[in-house]
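Here is the structure we will look at.
A quick note: this is a predicted structure, and the numbers were derived from the prediction, not measured. First the proteins, then the strands, lettered A, B, ... as listed; each starts at 1.
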4 protein chains.
Amino acid sequence: MSAVNPRPRAGNRRDEAARLAVLHAADDLLVEHGFAGLTVEAIARRAGVAKQTIYRWWPSKVEILLDTLIADSEKRVPVPTAPATADVVLGYFRDFARFVVDDPAGRVLLTLVAQAQHDTSAAESFRTRYLAPRRERERDLLARAVDAGAISPRLDLDATLDALIGPVVYRALTGAGGSDDLVTALGEDLLGKP
Amino acid sequence: MSAVNPRPRAGNRRDEAARLAVLHAADDLLVEHGFAGLTVEAIARRAGVAKQTIYRWWPSKVEILLDTLIADSEKRVPVPTAPATADVVLGYFRDFARFVVDDPAGRVLLTLVAQAQHDTSAAESFRTRYLAPRRERERDLLARAVDAGAISPRLDLDATLDALIGPVVYRALTGAGGSDDLVTALGEDLLGKP
Amino acid sequence: MSAVNPRPRAGNRRDEAARLAVLHAADDLLVEHGFAGLTVEAIARRAGVAKQTIYRWWPSKVEILLDTLIADSEKRVPVPTAPATADVVLGYFRDFARFVVDDPAGRVLLTLVAQAQHDTSAAESFRTRYLAPRRERERDLLARAVDAGAISPRLDLDATLDALIGPVVYRALTGAGGSDDLVTALGEDLLGKP
Amino acid sequence: MSAVNPRPRAGNRRDEAARLAVLHAADDLLVEHGFAGLTVEAIARRAGVAKQTIYRWWPSKVEILLDTLIADSEKRVPVPTAPATADVVLGYFRDFARFVVDDPAGRVLLTLVAQAQHDTSAAESFRTRYLAPRRERERDLLARAVDAGAISPRLDLDATLDALIGPVVYRALTGAGGSDDLVTALGEDLLGKP
DNA sequence: TATTAATCGAGACGGTACGTCATGTCTTTTA
DNA sequence: TAAAAGACATGACGTACCGTCTCGATTAATA
């Protein structure tokens, strides 16, 4: 007979509840107390988890944030895989801008960009696990749009992406606000007409 | 002429030698050990200065870096005040890109952008003491160029600046390299022909 | 006759191989790394045994040491049961002194005396399982020797035992060396001539 | 004008209040929770002192206990320097026995004897700082008594001391009680009549 | 010409967090 | 049912910095 509650706690294998508790605690602490308040001890305290459990599964707190960022940005700003019309492309960059500027989860992205400046291995992880794979798919998105004749960028694909994303991120990093119009204007300018 | 002992330590007024020793120690430590190695204790040790002397004159180590950044960027990438031709304008942004990407002093700029994400008061200082005044002069530069008929930007002045500077900074932050061609292309595109 | 697989691991009854592996691992670790290196984790690692197996059979590592001490001191310094002549009695105390001072197994005795100071339940076990039973037999040894007219102690039996054993143990505990002559002199003095 | 109270708190030199707080906290914890409860963290907590302050001045908690033991045993069981009569000598050993058996401060002695078995450097410190100097003075006490014709020991001086102290310490270590009579009897026996 | 006041190097202090280790309990899987 | 394996919450370890403080010496401006 197996009870309704199948005994959630611990065992020989990784404890999923602990994993989620850590991710949520990290997210919450970042929102509530900023990066300075995001210590391993605080995460452990908040998650009701042992420090060792954190160190067992994550090499550093940056990796914790990366886990949440990857999950969240996949959910909220997926790179479109559908047929790449001009609207789809531009819509994606607008969504990305809103994610970075307005969404608390987007705050994690900025935090990791920042931490990457202070910490080489954070930079490495951030690039390998987040930036590079996403850039791959973004480049592919543009390429498909070009093939479909939906856009005709004036610069090469990577430069186009940096030119569209860079200003948005830079504004967010320097505390300047909404980038919606900026994205629209840049999009028109850089993606061209077919 | 001073005594045989060339160490005229202490006195009633601020010790300029101590001030410089702190600035240089901070700069050196940042280059050699990264931001993680830039602790007040390490600066004091390296500069041969008491911790209290640092805390007496700087509210935080971010202000020390700001002091060096302001001095260095004034020296290496001054915003042109001469007649604003298209070449002068474009040249400025190219110089800025090189400063950020290649110059160790430009590294300080990235470090402060980063630290501003982790620390509200760092963000405030960085904006007030560095970003805002410089932006003021950059906006003025563009305005003079427009007046002179040297350029005719397609976006408003602030958006133009973000669109030119953002991609460069974003590339530097994410570890991507040289932005020279990018600046040239963006300049042509965004500053237009008269 | 055993199976093709020479590792008849685990089963229904207590695994004697595991028991011995634990005892030997504990002994070895004590000799090689001292009491500080004698952790349950280290014993388990060394013995190739699961921690739980240790906790299942021994309430604490002190009991493991007690098991080895009891076995070893029974083997190397048995309390004589043969007719109790003066030589037998004195010989026993001399053997005991050598056990405590020279024999690695005697080291365990000192370790347990020490641990008993830090840990009440260790003290309890040590007294109940080791000290008391042995004292019983030592007292009996003396009594038989008195009855036989082989010795005539000047103090009561327990005081005589403490007066003979105490100095030897104290010297061993304080790092002072050989007690052979001391035992001889004390023996002559305290056990008297018939 | 120098006040009666010369500003007690902290500064550039060692803080005497902190030193005493640590010693008392260590003593109290040992009495209340045993050696197991005597952690550096607990001492710091109890003394209202930073852990670093403890590590700055004491290489280990054993040295803290040594400090208290040395002070306490100097106060309660000083080795007599007055003319060494038989009564003075015997009185000293009786006092020592009471110190070890009844006095909470004597408990520290037993704890250190114990810890010396587990920790080489504790053993070294204990011998150098406590045992050796005290033994020196005890030997001197006996020598003076012999010279004065007050006693005539049957063993050499060190053996006599071990034979008198050893049984008392051994009894205390093994939880056996009062040693008053034992000391008297041993004293009569070993110190002899002039 | 003293006195006063500020600065300096030095470093002790109460704290917080670090990353590691051992504790004893628990579960899972295999025999 | 025992055993190996190992995850888990707990809590101490010893170290590094934090920012505040007190000290004694040094020097310039004031009385």
Side-chain angles (χ1 to χ4, degrees), chain A residues 7 9-15 17-19 36-42 44-45 47-57 59-61, chain B residues 7-15 17-18 36 38-45 47-57 59-61, chain C residues 3 5 7-15 17-18 36-44 47-57 59-61, chain D residues 7-15 17-19 36-45 47-57 59-61:
Chain A
R7 280 277 223 148
R9 272 276 309 324
N12 196 9
R13 296 280 165 256
R14 180 167 188 180
D15 184 342
R19 193 188 127 256
L38 190 76
T39 67
V40 173
E41 302 232 306
R45 217 147 43 214
V49 139
K51 264 201 300 178
Q52 187 57 54
T53 298
I54 297 180
Y55 284 112
R56 188 169 8 246
W57 300 109
S60 79
K61 63 191 176 191
Chain B
R7 190 140 132 282
R9 229 186 54 196
N12 201 3
R13 294 275 166 260
R14 179 167 190 181
D15 183 343
L38 191 77
T39 68
V40 173
E41 302 233 305
I43 297 172
R45 216 149 40 216
V49 140
K51 268 202 298 178
Q52 186 57 44
T53 299
I54 296 179
Y55 284 111
R56 191 171 2 248
W57 300 109
S60 79
K61 63 191 176 191
Chain C
N5 182 343
R7 188 140 134 281
R9 225 187 58 196
N12 204 352
R13 295 269 165 266
R14 178 165 189 181
D15 183 343
L38 191 76
T39 67
V40 173
E41 302 235 307
I43 297 172
V49 140
K51 268 202 299 178
Q52 187 57 44
T53 299
I54 297 179
Y55 284 112
R56 193 176 355 254
W57 299 109
S60 79
K61 63 191 177 192
Chain D
R7 281 276 224 147
R9 271 278 309 330
N12 196 9
R13 297 278 165 258
R14 180 167 189 179
D15 184 343
R19 194 188 125 256
L38 191 76
T39 67
V40 174
E41 302 233 307
I43 297 172
R45 218 149 38 216
V49 139
K51 262 201 301 179
Q52 186 57 50
T53 297
I54 297 180
Y55 285 112
R56 187 166 13 243
W57 299 110
S60 78
K61 63 192 178 192

Just checking C/R14: base, sugar-phosphate only, or nothing, at a heavy-atom cut-off of under 4.0 Å? sugar-phosphate

base_contact_polar (E/dC26 base, C/Q52 side chain, donor-acceptor, <3.5 Å): yes

Return yes if the base of F/dG6 and the side-chain atoms of C/K51 contain a donor-acceptor N/O pair under 3.5 Å, otherwise no. no

How long is the span from the [atom1] atom in [X] to the [atom2] atom in [Y], to the nearest 0.5 Å?
| X | Y | atom1 | atom2 | result |
| --- | --- | --- | --- | --- |
| A/T53 | A/K51 | OG1 | NZ | 12.0 Å |
| B/T39 | B/R45 | OG1 | CZ | 6.0 Å |
| A/K61 | A/I54 | NZ | CD1 | 10.5 Å |

Spacing of [X] atom [atom1] relative to [N] atom [atom2], expressed in whole Å:
| X | N | atom1 | atom2 | answer |
| --- | --- | --- | --- | --- |
| A/D15 | E/dC26 | CG | C1' | 11 Å |
| B/N12 | F/dA28 | CG | P | 8 Å |
| B/R13 | E/dT4 | CZ | P | 18 Å |
| B/I54 | E/dG11 | CD1 | P | 15 Å |

Want to settle it: does B/Y55 or D/T39 sit nearer the 5' end of DNA chain F, counting the closest nucleotide to each? D/T39

Given that C/T53 and D/E41 both sit by DNA chain F, which one's nearest nucleotide is further toward the 5' end? C/T53

Can you see if the side chain of A/W57 gets near the phosphate of F/dA7 - specifically, an N or O under 4.0 Å from OP1 or OP2? no

So does C/R56 get a side-chain nitrogen or oxygen closer than 4.0 Å to the phosphate oxygens (OP1/OP2) of F/dA3? yes

Using heavy-atom distances to pick each residue's nearest nucleotide on DNA chain E, tell me which of D/G48 and C/L38 is more 5'. D/G48

Go nucleotide by nucleotide along DNA chain E from the 5' end; which of B/A18 and D/V49 gets its closest nucleotide reached first? B/A18

Can you confirm if the NZ or CZ of C/R14 lies within 45° of the ring axis of C/W57 and under 6.0 Å from the centre of its six-membered ring? yes

